[in-house]
Amino acid sequence: MLTQQELKQQAADAALALIEPVLGPDVVIGVGTGSTADLFIDGLARYRGRLRGTVASSERSAARLAGHGLAVLDLNDVAAMPVYVDGADEIDARLHMIKGGGGALTREKIVASVARRFICIADESKLVERLGSFPLPVEVIPMARQAVARALAALGGQPRLREGYTTDNGNLILDVAGLQIDDAPGFEAAVNDLPGVVTCGLFARPGADVALLATQNGIRRLERP
Ligand code: 5RP
């Protein structure tokens, strides 16, 4: 029986095998945040001489990449990336995701938006029928915290401030419990439309292009329908 850590390692290794053919001296890889992304970063170190560099979705990942001697580039200096590789807190069969358990949702969404393909890496426990059991992270401008919390409650959620936490962008996170999200693109748009919200952790417009989900029987690969 493989541990969750071993499953995460398998997912990270599968992503490295998938991106290996696209590596080259001009290639920049978008890199996510979290414990699964950390394993991907550690593996990417083996390919150090075979890519131009990376764009990180958090200060945490930037430090880990730099620690391996991988170049970390400013997104403003990068016009295109073939892939963005990151984990998820929940993913469904349509490859819609909840992300932001690590608080990096906004930069993750920005870097992913510049990449041609989003490769989601996770152990199979992240695959759900319906998104919402994992509280939805929402990054908010500090002055809007209470106003956004009231609006999220009106949308049916139970928002709770992530105590003592500030994002890399100097903002706050509200974690919204009690949601059962049937229309992820619609709910993502509704939350992102609230004044004071920077972005929410729904990644459905679009979601991932490919999910590499590690199971006890090997990698299960899902493509966006
Ligand atoms: C960070 C994220 C992560 O991808 C998500 O929390 C999954 O993390 P892990 O790989 O540690 O389970 O969105 O903001």
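In each ligand, atom 1 is the first atom listed, and ligand 1 is the first ligand listed.
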Euclidean distance, F40 CZ relative to S35 OG, rounded to 0.5 Å: 14.5 Å
Y165 six-ring face occupied by R162 cation (under 6.0 Å, within 45°): yes
Side-chain touch L155/F187, heavy atoms, less than 4.5 angstrom: yes
Donor-acceptor contact present, side-chain D86 to main-chain C120, <3.5 Å: no
Electrostatic pair R64:D42 at N-O distance under 4.0 angstrom: yes
Set of residues that line ligand 1, where lining means a heavy atom lies under 4.0 Å from it: T33, G34, S35, T36, D86, G87, A88, D89, K99, G100, G101, G102, G103, A104, E108, K126
Short side-chain to backbone donor-acceptor contact, S57 and V31, under 3.5 Å: yes
